[in-house]
Number of protein chains: 2
Amino acid sequence: MSAALELVGKGRHFASLGIREVTRQAGVVPTSFYRHFRSMDDLGLQLVDELGLVLRRMMREARGNVLQADKLIEESVGIFVAHAQANRSFFMFMAQGLAGESRAVQEGIRSEMRFFASELANDLRRLRLMQHLSDADLDMTCDLVVRTVAFSLTDLLSIAADDDYQVGQVRKRTSRFLQMIFVGAGHWQSESGTAL
Amino acid sequence: MSAALELVGKGRHFASLGIREVTRQAGVVPTSFYRHFRSMDDLGLQLVDELGLVLRRMMREARGNVLQADKLIEESVGIFVAHAQANRSFFMFMAQGLAGESRAVQEGIRSEMRFFASELANDLRRLRLMQHLSDADLDMTCDLVVRTVAFSLTDLLSIAADDDYQVGQVRKRTSRFLQMIFVGAGHWQSESGTAL
DNA sequence: GGTCTATGTGTACAAGTGTTCACTAATGTG
DNA sequence: CACATTAGTGAACACTTGTACACATAGACC
């Protein structure tokens with residue numbers, strides 16, 4: 001699994017990896033592959049499971065570190081970016097998998113994102129934020145937030161990991177996106193029938 | 001090029017396609033490939049160019065058909081969904097390419113999206129909408145809109161093309177996302193420093 | 001009609017592919 | 001200690017792959 005991630009981290013697409021290639025990178029003979037996985041799709045699925053762990057660690061850290069509510073967005077985005085940088089290959093795999101060729105992997109990643117969104121909704125409830133929104137509307141908002149962050153991932157992964165200026169730009173832009181979404185959420189319902 | 005698209009439409013990932021496979025699908029001998037393309041990456045780049053045409057056709061239709069401003073979002077999303085359905089393989093290629101393994105294709109698609117966003121901004125200006133936003137803020141808003149729609153693409157492409165109910169759901173959800181964004185844009189600046 | 005260009009064909013080759021099978025070394029458990 | 005399980009090995013198989021080269025054909029243009 002690490003070997004596959006390393007190859008992805010080097011710019012390869014998961015869908016184009018072969019069994020021999022992965023085992024070669026792992027410094028192991030091709031037949032050994034079958035001791036652990038039935039197929040490449042299987043490996044992909046197990047990677048999705050591990051991705052879930054990475055995301056949960058990230059959530060835990062975010063919950064611990066975001067203290068003052070007025071910088072909630074900036075700090076959360078910062079933590080996200082930091083984790084994405086620290087686990088670049090993992091997040092590349094995630095970005096690839098969303099439109100990948102294994103339906104199962106695709107669904108797995110999608111489900112991780114749903115989980116993430118619902119946890120975010122719970123956190124907002126716990127913090128007594130956005131209390132005027134119905135449950136459904138809060139869920140929708142969080143879904144939109146998670147999608148927006150996920151898309152920023154592709155920005156982040158397409159620039160050099162050590163290009164601090166560009167990374168800063170991505171962080172700033174993502175924060176503003178989220179601010180706009182939350183401004184919209186703040187004025188939701190009251191006028192959701194008007195304008196445009 | 002059509003052959004490659006057909007394979008993508010069948011669920012394959014572009015990055016995993018080989019020259020022989022594509023030419024086989026095209027009903028032509030492998031060596032013929034080199035008459036038209038230098039490599040698979042090259043083929044991908046030409047597909048991006050053609051994708052640009054598809055997107056422009058879509059914009060033109062949207063501009064022609066969106067008459068009453070109060071249904072602007074619903075109608076635009078409807079047109080987008082219709083085009084995505086009619087050119088499923090093309091849009092699959094686009095979704096794949098965003099996190100694909102060819103840097104050039106990636107950048108090409110990204111650039112098409114930027115163009116799309118800037119055209120959208122121009123249209124809004126022409127319609128005298130969102131006039132309280134600075135140019136930069138309008139651009140940002142349109143960027144966010146385009147990203148949101150692009151992400152909906154992955155929802156759309158992951159469900160059966162003839163599942164009208166689910167397609168309707170995607171359309172409805174996408175519209176609500178955009179509404180929320182525009183509500184946010186409508187209240188931008190005035191209070192962009194407050195709350196959350 | 002002769003020539004040029006674009007496209008496609010057939011053969012060939014070295015290298016890489018997924019999978020199988022029988023074998024081996026290490027590990028922890030009774 | 002004996003034994004079962006787990007992880008790794010090496011050789012072999014039938015294919016598939018990218019690419020090179022010389023050759024064929026059909027249409028456009030003088």
Side-chain angles (χ1 to χ4, degrees), chain A residues 1-54 89-90 92-93 96-97 99-109, chain B residues 1-53 89-90 92-93 96-97 99-108:
Chain A
M1 289 168 70
S2 326
L5 274 188
E6 285 161 28
L7 290 170
V8 166
K10 284 199 181 95
R12 301 290 313 279
H13 195 291
F14 185 79
S16 77
L17 298 182
I19 288 175
R20 287 186 112 105
E21 203 178 356
V22 171
T23 55
R24 197 182 309 130
Q25 172 80 20
V28 128
V29 101
T31 29
S32 280
F33 181 89
Y34 296 99
R35 298 284 175 208
H36 307 272
F37 316 100
R38 239 201 304 284
S39 63
M40 265 302 188
D41 274 20
D42 187 21
L43 198 171
L45 279 178
Q46 297 198 213
L47 275 179
V48 171
D49 290 347
E50 218 175 274
L51 175 66
L53 300 181
V54 174
S89 315
F90 247 122
M92 278 191 173
F93 171 73
Q96 293 181 354
E101 86 181 347
S102 154
R103 190 55 62 114
V105 167
Q106 223 172 108
E107 192 44 52
I109 292 178
Chain B
M1 290 167 69
S2 325
L5 274 188
E6 286 161 27
L7 289 169
V8 166
K10 285 199 180 94
R12 301 291 313 279
H13 195 291
F14 184 80
S16 77
L17 297 182
I19 288 175
R20 286 187 112 104
E21 205 178 354
V22 172
T23 55
R24 198 181 309 130
Q25 172 79 21
V28 130
V29 100
T31 31
S32 280
F33 180 89
Y34 297 100
R35 298 285 176 201
H36 307 271
F37 315 100
R38 240 201 303 283
S39 65
M40 266 301 186
D41 274 19
D42 187 21
L43 198 170
L45 280 179
Q46 298 200 213
L47 275 179
V48 171
D49 289 347
E50 219 175 275
L51 175 66
L53 300 182
S89 314
F90 248 120
M92 278 191 173
F93 171 73
Q96 293 181 354
E101 85 180 348
S102 154
R103 190 55 62 115
V105 167
Q106 223 173 108
E107 192 43 52

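Keep in mind that what you see is a predicted model, and the values were worked out from it rather than measured.
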Worksheet entry | Between D/dT19 (P) and B/Phe37 (CZ): distance, integer Å | 14 Å
Worksheet entry | First of A/Gly27 and A/Arg20 reached from the 5' end of DNA chain D, by closest nucleotide | A/Gly27
Worksheet item: Taking C-beta and beyond as the side chain, do B/Leu17 and B/Val8 meet within less than 4.5 Å on heavy atoms?
Response: yes
Worksheet item: Touch check for A/Val28, heavy atoms < 4.0 angstrom, all strands: base, sugar-phosphate only, or nothing?
Response: sugar-phosphate
Worksheet item: Can you check the B/Glu21 CD to C/dT17 C1' distance for me, whole Å?
Response: 13 Å
Worksheet item: So B/His13 and A/His13, would you call those rings parallel, tilted or perpendicular, with 30° and 60° as cut-offs?
Response: tilted
Worksheet item: Does some side-chain heavy atom of B/Tyr34 sit less than 4.5 Å from a side-chain heavy atom of B/Ile19?
Response: yes
Fill in: d(CE, B/Met40; C1', D/dT17) in whole Å
12 Å
Worksheet item: Backbone N or O of B/Arg12 within a donor-acceptor pair of the B/Gln96 side chain at under 3.5 Å?
Response: yes
Fill in: Which residue lies more 5' along DNA chain C, comparing A/Arg24 with A/Thr31 via nearest heavy atoms
A/Arg24
Response to the item:
When rounded to whole Å, the CG to C1' distance for the pair B/Asp41 and D/dT19 reads 16 Å
Worksheet item: For A/His36 and D/dT6, is the shortest distance between a side-chain N/O and OP1 or OP2 below 4.0 Å?
Response: no
Worksheet item: Rounded to whole angstrom units, what separation is found between the CZ atom of B/Arg38 and the C1' atom of D/dT19?
Response: 15 Å
Worksheet item: Once you round it to whole Å, what is the distance between P of D/dC13 and CD1 of A/Ile19?
Response: 20 Å
Response to the item:
When rounded to whole Å, the CZ to P distance for the pair B/Arg35 and C/dG8 reads 9 Å
Fill in: Nearest-Å distance for atom pair CZ/C1', residues B/Phe33 and D/dA20
15 Å
Worksheet item: Do the side-chain N or O atoms of B/Tyr34 get closer than 4.0 angstrom to the phosphate oxygens (OP1, OP2) of D/dT19?
Response: yes
